Amino acid sequence: MINITFPDGAVRQYAPGSSAMDIAKSISEGLARKVLAAEVDGEVWDATRPIDKDAKLKLLTWDDKGAKSTFWHSSAHLMAEALEALYPGVKLGIGPSIESGFYYDIDLGDRQIGEEDLAQIEAKMKELAKTGSTYTRKDVSKADAIQYFTEKQDEYKLELIDGLADGSITFYTQGNFTDLCRGPHIPNTSPIKAIKLTNIAGAYWRGDEKRKMLTRIYGITFPNQKELDEYLVLIEEAKKRDHRKLGKELELFAFSEKVGMGLPLWLPKGAMLRERLQNFLQGAQIERGYLPVVTPHIGSKQLYVTSGHWDKYGKDSFRPITTPQEGEEYMLKPMNCPHHCEIYKAQPRSYKDLPLRLAEFGTVYRYEQHGELHGLTRVRGFCQDDAHLFCRPDQVKEEFMKVIDLVLHVFRSLDFKDFTAQVSLRDPENPAKYIGTDENWVIAEQAIIESAEEKGLPYVIETGEAAFYGPKLDFMVKDALGRKWQLGTIQVDYNLPERFELEYVGSDNGRHRPVMIHRAPFGSLERFIAVLIEHCAGKFPLWLAPTQVKILPISDKFMEYAEEVNLKLRKAGIRTEMDDRNEKIGRKIRDTEMAKVPYMLVLGEKEAQDGTVAVRKQGQGDLGVQPIADVLAMLLEEVENKQ
RNA sequence: GCCAAAGUAGCUCAGCUGGUAGAGCAGCUGAUUUGUAAUCAGCAGGUCGGGGGUUCGAGUCCCUUCUUUGGCUCCA
């Protein structure tokens with residue numbers, strides 16, 4: 001007998017070779033019907049796979065993450081079966097589950113399919129799912145695996161098998177479909193009841209742009225139609241938060257074909273919002289000993305040859321501009337660091353001057369690939385809330401930790417709770433990608449990991465994601481549709497000080513090289529605001545709202561009083577607008593609600609007589625009549641507390 | 001850059017197999033003077049993304065180009 005330990009600590013004995021499904025059945029038939037997979041000693045297994053030795057077991061049902069990914073992975077196989085049935089000869093790449101759903105990469109040869117074909121594939125999937133075919137696992141030798149896919153003429157699978165060790169290869173079969181697959185899978189196809197193929201896209205084989213582009217079909221499935229419907233509603237709701245839609249509706253920013261793609265135009269409301277964020281961070285930075293600097297939008301090409309950026313990114317930059325007479329070459333600045341290095345060099349520096357923290361809201365221009373542009377999150381001209389900290393090697397860690405504190409202060413102030421920290425290290429396999437000495441890389445990577453640890457940041461390590469000049473710590477946030485974007489970033493750089501020959505005089509009267517830390521808590525104002533808009537669905541906190549209060553006179557008889565209230569608020573620094581249209585109050589309220597203005601003050605005969613205002617809060621309705629002074633105090637307090 | 005799709009009034013969208021471009025909202029004008037999510041009427045508004053072609057005739061069919069969207073690749 002083997003001992004099976006359940007999550008609650010209970011231990012029960014079963015015959016060796018019992019599967020999780022057998023065990024579930026021994027507990028209750030109802031439970032067994034819901035089991036999709038099992039976690040055996042921390043690893044997700046097929047519920048039907050025999051367990052031979054003592055193990056910890058957790059039965060996974062739809063609500064478990066591991067069950068969902070198994071369910072979706074099995075759905076990918078089901079889709080592949082449908083595709084083979086509909087398009088004989090189709091070749092298959094890979095078909096994993098993803099955060100929400102699954103995809104399969106396929107090569108259709110000369111055939112082309114489009115969105116209109118998805119319904120047919122869905123129908124086929126449903127038909128196949130109903131048969132309730134079991135997913136069966138089979139160990140295969142490498143030779144047999146190669147033979148199977150050679151006969152099937154699927155070069156993609158053969159390439160995958162090529163990278164696998166003999167003895168570790170498994171096939172899974174359901175119905176007429178067999179796939180090279182590590183598993184696990186759900187017991188059979190029947191729980192897959194609701195199916196939606198969401199989109200179709202191209203994807204390079206193995207993510208390599210030099211290789212063939214396959215057709216990727218994305219989909220999502222659920223055990224019942226209701227959950228699918230709910231999911232689709234959720235997606236629709238998320239689309240309403242899209243910053244591109246809200247940016248237009250709330251008159252924050254615009255794009256123009258004539259100005260050029262990826263070059264945002266900030267409308268007055270957006271510009272003021274941006275300015276407030278900038279002032280907020282500026283204030284926090286001044287408190288923390290940062291010094292403002294200003295540098296031009298262009299710099300001579302030589303500056304970037306010195307920095308190494310020309311070599312690395314020259315080909316992928318906007319081309320240099322030249323002076324008409326002398327032919328001198330200048331670049332639109334793609335980053336601010338080289339300019340800041342020259343500011344450092346403008347004066348002799350002592351160890352007593354360090355750390356020197358030079359900050360600039362600097363606009364930079366980068367050539368981003370056409371297809372990569374995306375609203376405000378990926379643009380060609382953007383403003384970095386940049387600063388470069390020049391410090392002694394022994395100050396790196398402390399400065400790094402202070403920056404983490406600043407980033408967290410910014411995130412907290414804007415109620416960003418859902419972020420992940422990502423530590424990007426170099427790829428040890430590919431040292432040629434990076435510049436700088438091995439020793440410095442080790443020191444810098446160590447400093448970052450230690451800082452993250454000591455600050456208690458939950459972080460993930462991404463090997464090979466470092467910048468070419470140094471490792472970094474990025475703060476990643478998701479947009480409304482779940483796409484991940486990098487906002488705040490902190491990067492250690494031992495390289496630029498070297499290239500620019502930056503020095504300071506130490507207490508020993510000798511010359512030493514400072515270390516540089518690049519950092520931007522927002523990342524860029526454009527991207528930050530994009531995420532902020534989606535985060536709050538356009539309902540900005542009072543201190544950021546473009547219009548904080550809208551004054552709504554019931555009719556133009558009360559215009560005089562409305563003007564008086566308006567003036568009072570404005571004098572106190574509240575951003576107001578007045579709706580003096582000849583409209584009914586219901587209409588004015590509706591329009592103001594939809595414009596997401598935080599507060600409305602309704603003014604009529606009663607209010608004019610008593611010197612009061614009827615307060616209405618966006619999304620919350622009528623708050624009742626109050627004296628102006630009270631309302632003003634309430635508003636000012638809310639602004640002060642950044643709520 | 002690559003794969004796929006879309007582009008009709010300021011916005012949201014209709015326009016069947018080719019036969020002179022349409023609605024709602026927004027805008028303007030007028031009436032209405034209004035009490036917590038849309039008052040009524042009238043007017044104006046478009047080289048149907050740009051260019052080329054097929055046709056007696058193109059928003060509709062074909063080619064090309066630009067932009068946008070969803071992905072892929074890239075991201076100092």
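Chain A is the first sequence line, chain B the second, and so forth, proteins listed ahead of strands; every chain is numbered from 1. Just so we're clear, the structure is a prediction, and the values are computed from it rather than from any experiment.
- For K472(A), the listed nucleotide lying nearest its side chain is A76(B); candidates were A76(B), G35(B), A4(B).
- Nucleotides G15(B) and U68(B), compared at atom P, are 26 Å apart to the nearest Å.
- In this structure, H370(A) does not reach the C2(B) phosphate: none of its side-chain N or O atoms is under 4.0 Å from OP1 or OP2.
- Considering only side-chain atoms of S317(A), the nucleotide from U39(B), A76(B), U33(B) that sits closest is A76(B).
- Taking only side-chain nitrogens and oxygens, Q486(A) never comes nearer than 4.0 Å to OP1 or OP2 of C75(B).
- Taking only side-chain atoms of A203(A), from C-beta outward, the nucleotide of G35(B), C72(B), U39(B) with the closest atom is C72(B).
- Closest non-hydrogen pair, L92(A) versus Y156(A), comes out as O-CB, 3.3 Å.
- Between Y365(A) and H297(A), the angle of the ring planes lies from 30° to 60°, which puts this pair in the tilted group.
- In this structure, R483(A) reaches the G70(B) phosphate: one of its side-chain N or O atoms is under 4.0 Å from OP1 or OP2.
- For the pair R216(A) and Y103(A), the cation-pi test (distance below 6.0 Å, angle within 45°) is passed.
- Across the P atoms, C13(B) and A76(B) are found 36 Å apart, a figure rounded to whole Å.
- Scanning atom types as modelled, no donor and acceptor separated by under 3.5 angstrom connect the side chain of Y204(A) and the base of G71(B).
- Look at H374(A) and you'll find a side-chain N or O under 4.0 angstrom from OP1 or OP2 of G70(B).
- Base-pair partner of A6(B): U67(B) (Watson-Crick or G-U wobble, both distances under 3.5 Å).
- For R216(A), the side-chain atoms get nearest to G71(B) when compared with the rest of U67(B), G71(B), A4(B).
- Side-chain atoms of R616(A) and base atoms of A37(B) include a donor and an acceptor less than 3.5 Å apart.
- Atom pair H243(A):NE2 and U69(B):C1' shows a separation of 13 Å (rounding to whole Å applied).
- Residue K557(A) contributes atom NZ, which lies 12 Å from atom C1' of G35(B) at whole-angstrom precision.
- For a distance-only test at 3.5 Å, the side chain of E368(A) fails to qualify as a donor-acceptor partner of the base of G1(B).
- Between R519(A) and D386(A) there is no salt bridge, since none of the side-chain N atoms of the basic residue sits less than 4.0 Å from a carboxylate O of the acidic one.
- Each of E209(A) and G375(A) has a nearest nucleotide on RNA chain B; the 5'-most of these lies closest to G375(A).
- Residue D591(A) is out of contact with every strand shown, counting any heavy-atom pair closer than 4.0 Å.
- The side chain of E257(A) lies closest to C66(B), out of G35(B), C66(B), A76(B).
- Across all strands shown, G53(B) is found opposite C61(B) as a Watson-Crick or G-U wobble partner, with both distances under 3.5 Å.
- Here the separation of A44(B) from G7(B), taken at their C1' atoms, is 25 Å to the nearest Å.
- A side-chain N or O of E638(A) and one of Y599(A) form a donor-acceptor pair less than 3.5 Å apart.
- In terms of polar N and O atoms assigned as donor or acceptor, the side chain of R366(A) never comes within less than 3.5 Å of the base of C74(B) in a complementary pairing.
- Nucleotide G18(B) forms no Watson-Crick or G-U wobble pair with any nucleotide shown, as no partner meets the under 3.5 Å limit on both distances.
- Considering only the side chain of V602(A), U36(B) comes nearest among U67(B), G70(B), U36(B).
- Across the P atoms, G59(B) and C48(B) are found 7 Å apart, a figure rounded to whole Å.
- A close approach under 4.0 Å does not occur between any side-chain nitrogen or oxygen of R499(A) and OP1 or OP2 of A76(B).
- Comparing U39(B) with G24(B), their P atoms sit 16 Å apart, to the nearest whole Å.
- Taking every side-chain heavy atom of K248(A) into account, U12(B) is the closest of A76(B), U12(B), G71(B).
- The gap from the C1' atom of U36(B) to that of U12(B) amounts to 27 Å, rounded to the nearest Å.
- In this pair, H374(A) and H243(A) present their aromatic rings tilted. The plane angle is within the 30 to 60° band.
- If you take atom C1' in A14(B) and the same atom in C72(B), they sit 35 Å apart, rounded to whole Å.
- Exactly one of K212(A), K91(A), R211(A) qualifies for a salt bridge (charged side-chain N to carboxylate O under 4.0 Å, His left out) with E159(A). That residue is R211(A).
- Taking only side-chain atoms of A201(A), from C-beta outward, the nucleotide of U33(B), G70(B), C72(B) with the closest atom is G70(B).
- Using a 3.5 Å distance cut-off with no hydrogens or angles, the side chains of T489(A) and Q491(A) do pair a donor with an acceptor.
- When both distances must be under 3.5 Å, the Watson-Crick or G-U wobble mate of A38(B) does not exist.
- Phosphate contact (OP1/OP2 of A76(B), side-chain N/O of H309(A), threshold under 4.0 Å): absent.
- Contact between the side-chain N/O atoms of R378(A) and the OP1/OP2 oxygens of C75(B) is not found at any separation under 4.0 Å.
- Taking the P atom of each, C66(B) and U54(B) are spaced 23 Å apart, rounded to whole Å.
- Checking G35(B), A5(B), G71(B) against every side-chain atom of E115(A), the shortest atom distance belongs to A5(B).
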